[in-house]
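We count ligands from 1, going down the list as the structure has it; atoms in each ligand are counted the same way.
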Amino acid sequence: MFSTNTYASRRNKLKSQVSDGLLLFLGNEESGMNYTDNTYHFRQDSTFLYYFGLDKAGLAAIIDVESGEEWIVGDEITMDDVIWAGPQPTLEEQAARVGVVKILPKSELGAKIKDSLSTGRTVHFLPPYRPEHTIKLNEWTDRSLAEISQKASLEFIMAVINQRSYKTDEEIIEMDRAVNISGQMHINAIRATHAGKYEYEIAGTVHGTARSGGGDLAYPIILSVDGQTLHNHYHGNRLESGRLVLGDFGAETATHYAGDITRTWPVDKTFTHRQKEIYQIVLDANMNVINALRPGIKYLDCHLISWRTVTEGLKNMGLLEGETDEMVALGVPALFMPHGVGHMIGMDVHDMENLGENYIGYREGLERSKLLGLKSLRLAKELEAGFVLTIEPGIYFIPELIQLWEGQGKFQEYIKYDKLKEYYDFGGVRIEDNYLITTDGAKLIGDPIPKTIAEIEALRI
Ligand code: GLY
Ligand code: MN
Ligand code: MN
C-alpha cells in the first residue's frame, strides 16, 4: 500500500477534474466458483484500489465533488468476521489509513444515490464489468440493464484515464518488481522444460513463482507448444523434441501492479536452424519497435514498424514476395501477426480496458482500423512520458488461417502458400517486454530477461 497522502492527493486531483455531482466507485465482491462460499481468487477493482487502496471485498466509495466529502461504503467488522477471517482493523481504521473519515453503511448507499438523483444531482459511475454491479446500478438509477453501460460518465472515465495513464515513480518501483518476478517465472519455466514433460507441469512452476513473489498471476497463464493459438490456456500437451514453447505470463505484485512478459524457447536445449530464422525476425521486430519508442510517436506507427520487419524477414526467407510497404498497407503481414504490437499496462495487464479500449488507445481523428491485426491494436495514439506499455510482436503459422486465405486466393501474388505448408507444425514465436516512456525515449521496466537466442540457450546448460 502507498502512503495516506498518495491516495488523498490522487482523489484531490480527480475532484479538480470533474465539474460537479457524486463520483461512485464500486469495489468488487467475492464471487462464488461452484457455491457461494467457495470463491474465486478475490481481485479488487483497480480504479477503487488506485483511489482508495483497500484490498477488501464488498466495499464502495463516494466522492462529492462539490462539498469535497468522501465516504467509504461498507459494514463494520463483526465478531463473525473475526471468527472466520481473524482479527483485523475496524473499517473506520482502514478508511483512516487511506485518508477517509466518513463511513456509510452498505444498506444506505442505494438511498443516497436515489436521493441525489431526485434532487437533480449527477451521479457519475464507470462502466461495470461485473453483472452484480450492473444489477445494482439498474436498481439505484432506474436505468434499464441494457442502458447501464452507455450511461457511464464519460467525464469520469476520461478523468480517471488522465490520471492512471501517467505512472509515478512509486508506481514504477512496483512495476519493476512485477516484471522482475515475471522474469523469474520465465527463467524457471525455461529451466524446467524437458522433452516428455507436460505443459501443466511447467505452468505449475510458473504459478508457484508468481505466488512466491508475494502477489499472484496478473492474468491466466498462456503456455503451449501450440503458440500459434494466441491466448492458449490449454496445458495438456506433452513437450515433444523439435517443438517450441511459447510462454506469455506475468505476475502482479501484492499492490496489484502487473508484468506481462512473453518468451519463446525450444523443448530441446537449442533452437533448430528453422526456429532460429523465425525467432530472429521476431527479435528484430521487438528491438526495432523498442528503438523507435519516444514521446510523440504514434503507437500505430510502431505497430507498422513491427509488420515491416516481419514482412522483410519473411521476404528474405522466400515466404513472401513483393514491395514491403505495399504488403504492409494491404495488411498482408496479418497472416503471420494477427494481433496488435502492444497495449498500456499498469494495475491491469491491459490497463483500464474496462473503461473502454478506444478511450485509452485512440483519440478524435484516430479511428480503429477494421483490418485483421490492426483491429486488435489497443494502443494507437501518440505516446507520452509516463505511459507504460508492452512491445510484443510475433510470427505465427496458423494452418486454418493460411488455408482460408489460400482457398480465397487472398494476396496470392505476395504469399508463397506452397512454401508455408512446411510450417504448419511450427507453432509461433512472440517476444514481449514492458517499457516506460520517458521525456526523451524509453526505459525497460525491470531487469533484462534473457531474450537473444544465445541468452535463452544459455539457460539450459
Ligand atoms: N498477456 C496477454 C497479452 O499479451 O496481451
Ligand atoms: Mn502477454
Ligand atoms: Mn501483452
Side-chain angles (χ1 to χ4, degrees), residues 43 46 165 167 175 178-187 189-190 199 202-203 206-207 209-210 215-224 226-235 244-253 256-265 282-283 285-286 289-290 293 299-300 302-303 306 334 336-354 357-358 360-361 368 372-380 383 387-396 398 427-437 442 444-446 449-451:
R43 177 56 158 82
S46 297
S165 293
K167 274 61 180 182
M175 298 202 71
V179 169
N180 286 342
I181 302 165
S182 308
Q184 197 57 53
M185 290 159 77
H186 281 269
I187 289 167
I190 295 170
E199 292 165 345
I202 315 298
V206 163
H207 196 164
T209 310
D216 210 319
L217 296 172
Y219 53 96
I221 295 170
I222 298 164
L223 185 147
S224 184
D226 285 326
Q228 78 283 3
T229 302
L230 301 182
H231 280 179
N232 198 339
H233 300 306
Y234 176 72
H235 301 139
L244 284 171
V245 185
L246 186 151
D248 180 346
F249 38 79
E252 64 171 27
T253 56
H256 302 290
Y257 283 85
D260 181 7
I261 301 294
T262 308
R263 290 293 182 266
T264 309
W265 63 94
V282 178
L283 184 57
N286 170 286
V289 172
I290 288 168
L293 295 174
Y299 211 47
L300 170 61
C302 292
H303 178 98
S306 71
F336 307 98
M337 185 180 145
H339 63 72
V341 76
H343 50 84
M344 296 267 240
I345 179 168
M347 300 185 90
D348 306 301
V349 62
H350 287 190
D351 210 21
M352 302 172 279
E353 250 178 37
N354 61 307
E357 276 184 46
N358 287 350
I360 315 293
R368 193 186 275 247
L372 182 67
L374 280 176
K375 74 177 179 191
S376 305
L377 180 62
R378 296 168 148 84
L379 174 62
L383 302 183
F387 285 9
V388 179
L389 42 93
T390 70
I391 299 93
E392 50 180 306
I395 294 181
Y396 315 87
I398 306 169
V429 175
R430 176 161 69 251
I431 305 173
E432 177 173 21
D433 297 304
N434 306 158
Y435 271 76
L436 165 70
I437 304 301
L444 179 72
I445 298 283
I449 301 162
K451 180 158 89 160

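Evaluated for a side chain to side chain donor-acceptor pair (under 3.5 Å) with T262, the options H186, E432, E392 yield exactly one hit, E432.
Note: angle at the Mn ion (ligand 2), from OE1 of E432 to OD2 of D248, is 100° (rounded to 10 degrees).
Looking at R43 and D216, no side-chain N of the basic residue comes within less than 4.0 Å of a carboxylate O on the acidic one, giving no salt bridge. A salt bridge links K167 and D351; the closest N-O separation between the charged side-chain nitrogens and carboxylate oxygens is under 4.0 Å.
Annotation: H343 places an N or O atom under 3.5 Å from an N or O atom of ligand 1; distance criterion only. Considering both main-chain and side-chain atoms, H350 comes within under 3.5 Å of ligand 1 through a nitrogen or oxygen pair.
For the ligand labelled ligand 1, residue V349 lies outside the 4.0 Å heavy-atom shell. Using 4.0 Å as the threshold, H231 has a heavy atom nearer than that to some atom of ligand 1.
One side chain, D348 or S46, offers a donor N or O that lies under 3.5 Å from an acceptor on the other.
Side-chain atoms of S182 come within 3.5 Å of backbone N or O of A251 as a donor-acceptor pair.
For a distance bound of 2.8 Å, the N, O or S atoms of H343 include one lying that close to the Mn ion (ligand 3).
Note on E392: its N/O/S atom closest to the Mn ion (ligand 3) is OE2. Between the Mn ion (ligand 3) and the N, O or S atoms of D260, the shortest distance is to OD2.
Note on ring orientation: taking the six-membered ring where Trp is involved, the planes of Y396 and H339 are perpendicular (angle over 60°, cut-offs 30° and 60°).
If you number the atoms of ligand 1 from 1 as listed, the ones under 4.0 Å from a heavy atom of E432 come out as 4 (O).
Nearest protein heavy-atom contact of atom 4 (O) of ligand 1 is E392 OE1, 2.8 Å.
The closest side-chain heavy-atom distance from I261 to D248 is not below 4.5 Å.
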